[in-house]
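Each ligand, and each atom within it, is numbered from 1 in the order the structure gives. Note: hydrogens, waters and symmetry copies are ignored here, and every other heavy atom, side chains too, is used. These numbers come from a predicted model, not from an experiment. In what follows, residues are counted from 1 in the order of the sequence shown.
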Amino acid sequence: MNILFINGPNLNLLGKREPEIYGNESLDQLIAWVTKQINTKENDIHWFQSNSEGKIIDKLHWALDNKMDGIIINPGAYTHYSIAIRDAISSIKIPTVEVHLSDIENREDFRRISVIKDVCLSQITGLGKDGYLRAASLLLDKN
Ligand code: DQA
């Protein structure tokens with residue numbers, strides 16, 4: 001299965017950024033940990049991070065052209081207002097799971113709104129890096 005992980009703005013700062021909320025591990029450590037567990041012969045795993053909305057949208061289009069079977073996306077703050085990312089996800093029709101490290105339901109009110117939630121298969125929040133693995137299991141079980 002071809003799986004694409006997308007991390008949005010500020011997630012390149014994991015480990016340095018508000019560690020009391022997002023933990024002490026860097027994005028590279030998270031990537032290595034998740035990849036190690038699902039990188040079998042049958043799975044082709046791709047990772048992408050960008051701080052730009054347009055680059056995330058271009059990568060979602062790339063996923064269509066490059067026949068990804070599933071997408072796991074943590075859109076960062078774009079979650080709460082990017083209709084453009086929502087439209088891209090709903091246009092490409094690739095099963096997509098939304099992941100957040102923190103529990104967005106129990107933080108500031110504006111974080112409770114996800115404009116992409118209902119074009120995704122599922123939303124996983126508050127499990128830290130385990131959320132990425134849970135999302136991958138969902139896609140792998142579905143396949
Ligand atoms: C986040 C939650 C968002 O509200 C925030 O803007 C982020 C990270 C998370 O993983 O918990 O950048 O998506």
Inset, instruction - Would you mind checking which non-hydrogen protein atom is closest to atom 4 (O) of ligand 1, with the distance to 0.1 Å? - result: His80 NE2, 2.7 Å

Legend entry - ligand 1 to Leu101 polar contact by distance, N or O atoms, under 3.5 Å: yes

Inset, instruction - Using distance alone, decide if ligand 1 has a nitrogen or oxygen within less than 3.5 Å of any nitrogen or oxygen in Ser102. - result: yes

Inset, instruction - Please check if any side-chain donor atom of Ser114 sits under 3.5 Å from a side-chain acceptor atom of Glu98, or the reverse. - result: yes

Legend entry - atom 1 (C) of ligand 1 - nearest protein heavy atom and its distance: His100 ND1, 3.7 Å

Inset, instruction - Write out the residue and atom name of the closest protein heavy atom to atom 8 (C) of ligand 1, then the distance separating them to 0.1 Å. - result: Tyr22 OH, 3.5 Å

Inset, instruction - Answer yes or no for Asn10: is there a heavy-atom contact with ligand 1 below 4.0 Å? - result: no

Inset, instruction - Just let me know how Ile104 lines up against ligand 1, side chain, backbone, both or neither, with a heavy-atom cut-off below 4.0 Å. - result: side chain

Legend entry - Contact check, Asn74 vs ligand 1, heavy-atom distance below 4.0 Å: yes

Inset, instruction - For atom 5 (C) of ligand 1, find the nearest protein heavy atom and state the residue, atom name and distance (0.1 Å precision). - result: Arg111 NH1, 3.3 Å

Legend entry - Identity and separation of the nearest protein heavy atom to atom 12 (O) of ligand 1: Arg17 NH2, 2.9 Å

Legend entry - Same apolar cluster (I L V M F W Y, side chains within < 4.5 Å links), Ile83/Ile116: yes

